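Following: one structure in structure tokens, then a few remarks.
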Amino acid sequence: MAGGLRTEHVGATVRLAGWVHRRRDLGGLVFIDLRDRQGVVQVSCDPETLSEEAMERARRLGAETVIAVEGVVAARPPDAVNPEMPTGEVEVKAAEVVALAPSETPPILVAYGADEELAAEELRLRYRYLDLRRQELQRNFQLRHRVFQTIRRTLDELEFVEVETPMLTRPTPEGARDYLVPSRVNPREFYALPQSPQLYKQILMVSGFDRYFQIARCFRDEDLRADRQPEFTQLDLEMSFVKEEDVWAVLETVMATVWQQVAGRPVETPFLRMTHREALESYGTDKPDLRIPWRVHDLSDDLGGSEFRIFRSAVEEGGRVRGICVPGGSELSRKALDELDGLARGVGAAGALWTRLAEGGAQGGFGPKISAEELTAVSERLGASDGDVLVVVAGPDRVTSPALDVVRRHLGRTLDAVEPGDRFLWVTEFPLFEPDPDTGEPVPSHHPFTGFDPGDLDLLENDPLAVRSRAYDLVYNGSELGSGSIRINDPELQRQVLEVLGIGAEEAQRRFGFLLEAFRYGAPPHGGFAVGLDRMVMHLAGGSSLREVIAFPKTTAARALMEGAPSPVDDDELEDLGIKLV
RNA sequence: GGGGCUGUAGCUCAGUUGGUUAGAGUGCCGGUCUGUCACACCGGAGGCCGCGGGUUCGAGUCCCGUCAGCCCCGCCA
């Protein structure tokens, strides 16, 4: 193909087809850059080898016209070699050039020059078929294809069976908002598009498919972000007769194989593991970016008795003083350090305090307000030395954790302290429940079928928020790639968990009775995982938005600009469905 | 639901304190050109200043509203 021609092809007669990437008309000679899926090659049109009619046609070709070219691959004259292009040592001497399909002048560019700005994203989404012709996007989707193929091959070798589950399913009152689909033959009733195949895959375990996977489309009607689309693709899998380690081993094999075979990046397995508690304690987040080496430490013992009121009163009120050492942070300007305070306030903390270490003392910020002994104790605990900056936040964990997390990530970036690499991490033992922010009542932190540590059985009734679940997340460079758990397969335990959630037998029966019923007929112990594939491909492609790896994405208002969805429908159609608009 | 940024030629952008005829680059059209590669050079066409309202003698510029795109918070079991 055009983009694949190299010096080894010199002398070959070729027939190429593709798009006019660019054209350079020198009067006597015309050069056409011909683009196909593989790339771009220069076609030279010379009256010595082309008929007068073909020369005239070549002169009139506009950008993005589809053409076919016949000719001979030739080495370029030495002074005409273009080292910038993969095909730059060769060109095709055209013997015939014909237009297969004309193109109107494109509203946005496909062939961007070195420092030309991309057209507005709104326009690129409106004319997605043109934008997708760009080499960056072509590369992303070839990458996506290879990731999907590698996953299927790897799981097949591990004897997983791919099973599809319904897209028209039962609405789920919990979790994200559902996309609803009216049923014409059952007026006043609705299907929902699946938020995930969760219940189906557990039932497949009851059915004996002891290793299931699916590359499943999922739908959630929530507000969008750069890394959140209303419809997205998950690698969903479930296994019977397994413990955590068995699930992790499969995921580690899949990830390492993809990273190795698709990106050529070796990844060490097994991945690092860390409990949820430890992640929050040492990094202030349940998805730590381990590329930044700094850790959060508890300074309450050192500063809880300080004369400095902010520290003392935080500890007296049941909170803690926590901080990080930022090596080399003294080079930061006072303004840059004061900005940390705003970052901390932005996530609910009262502020963030800093001080610079120099010449055995502390300069600026909170340093002069604490005693020399306190400073020594803190410096030792943080392993700090001259030239470092200490950043400290005081208060309850629910504010110090996010504040130190945001400070850590912010300074990691600005000080260029993010080490290169692929840092995978299992975060384990998430709490089974978390308090509802409005009512304080326990709600599932994963989903209501998540198993828990048998040792915590007695806590279920008395202190449910302390129960450790068997749920785990896979974190990659500070981004959550997926989550899973070992499930409950004992109907009695399931009943107890639902009771904690305030879901009585009748309600449970109504909402997911089909799952509970299935469990009465021999449910094997089972567990699984789901990986956000769009996010995974985005990371592999080095992108920052899912729109770069989804062929036809939605805008932040969940609109499709090319085809114009959603859209109003005719009254007749609504009437058929028994729906009246208000 | 809330906060922020953006909206001027097909595209990317400039546009002063509110001032009379809204500019540049690129693309497009016409011309010259046999080794270019974002070809070069000469000429030309091209504008609902997102939309609606207001202030003013006068609005691309100020005010209010609204729409769209993007980023973030809430939300996303």
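These numbers come from the heavy atoms of this one structure, side chains and all, not from hydrogens, waters or symmetry mates. Residue numbers begin at 1 in each chain, while the letters A, B, ... track the order of the sequences. Quantities reported herein were computed from a predicted structural model and do not represent experimental measurements.
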*U36(B) base to Gln42(A) side chain: any donor-acceptor pair below 3.5 Å?*
yes
*Reckon Glu121(A) touches a base, only the sugar-phosphate, or nothing at all at heavy-atom distances under 4.0 Å?*
sugar-phosphate
_Looking at the base of G69(B), is there any donor atom on it, or on the side chain of Lys554(A), that sits under 3.5 Å from an acceptor on the other one?_
no
*Arg225(A) near the nucleic acid: base, sugar-phosphate alone, or nothing, with a heavy-atom cut-off under 4.0 Å?*
base
*Where the side chain of Asp25(A) is concerned, which of C75(B), C33(B), A68(B) is the nearest nucleotide?*
C33(B)
*Using distance alone, with no hydrogens and no angle criterion, decide if Tyr212(A) and Gln214(A) have a side-chain donor and acceptor under 3.5 Å apart.*
yes
*Which is true for Leu26(A) with a 4.0 Å heavy-atom rule: it touches a base, it touches only sugar-phosphate, or it touches nothing?*
base
_Atom CZ of residue position Arg59(A) - does it have more than 12 heavy atoms of other residues, nucleotides or ligands inside 6.0 Å?_
yes
*With P as the reference atom in both, quote the distance from C28(B) to G65(B) in angstrom, rounded to an integer.*
43 Å
*Tell whether Arg76(A) reaches the base of C37(B) with its side chain through a donor-acceptor pair below 3.5 angstrom.*
yes
_Sugar-phosphate, base or nothing in reach of Glu104(A), heavy atoms under 4.0 Å_ = nothing
*asked:* Considering every strand and a 4.0 Å limit on heavy-atom distances, what is the contact class for Ala176(A): base, sugar-phosphate, or nothing?
replied: sugar-phosphate
*Would you say the ring centroid of Trp426(A) lies under 6.0 angstrom from that of Phe529(A)?*
yes
*Which value, in whole Å, describes the distance between the P atoms of nucleotides G50(B) and G15(B)?*
14 Å
_What's Ala63(A) touching, base or sugar-phosphate or nothing? Going by heavy atoms closer than 4.0 Å._
nothing
_RNA chain B contacts made by residues 466-487 of chain A, counting heavy atoms under 4.0 Å_ = none
*With sequence neighbours left out, which residue pairs that include part of residues 20-33 of chain A fulfil the salt bridge (charged side-chain N to carboxylate O under 4.0 Å, His left out) condition?*
Arg24(A)-Asp33(A)
*asked:* Rounding to an integer number of angstrom, what distance separates U26(B) and U17(B) when you compare their P atoms?
replied: 29 Å
*Does any donor-acceptor pair link the side chain of Asp46(A) with the base of G35(B) at a separation under 3.5 Å?*
no
*asked:* Classify Arg547(A) by what it touches in the nucleic acid, base, sugar-phosphate, or nothing, heavy-atom distance under 4.0 Å.
replied: sugar-phosphate
*Starting at atom CD of Glu117(A), determine the distance to atom P of C11(B), rounded to an integer number of angstrom.*
15 Å
_Does Thr555(A) reach a base, just sugar-phosphate, or nothing at all? Heavy atoms under 4.0 Å._
sugar-phosphate
*Has the side chain of Arg228(A) got a donor or acceptor atom sitting under 3.5 Å from an opposite partner on the base of C75(B)?*
yes
_Residues Arg470(A) and Glu244(A) bridged, charged N to O under 4.0 Å_ = yes
*So what does Ser445(A) touch, heavy atoms closer than 4.0 Å: a base, only the sugar-phosphate, or nothing?*
sugar-phosphate
*For Ala557(A), answer base if it contacts any base atom (sugar-phosphate contacts may also be present), sugar-phosphate if it contacts only those atoms, and nothing otherwise; contact means non-hydrogen atoms under 4.0 Å.*
sugar-phosphate
*Looking at the side chain of Leu123(A), which of C70(B), U36(B), U12(B) is the nearest nucleotide?*
U12(B)
*Counting any heavy atom closer than 4.0 Å, what does Asp221(A) reach on the DNA or RNA strands: base, sugar-phosphate only, or nothing?*
nothing
*For the pair Arg60(A) and Glu56(A), find out whether any cationic side-chain nitrogen is under 4.0 Å from an anionic carboxylate oxygen.*
yes
_Ala80(A), nearest nucleotide to its side chain (from U36(B), G69(B), U34(B))_ = U36(B)
*What interatomic distance, in whole Å, is found between P of G18(B) and the corresponding atom of G58(B)?*
16 Å
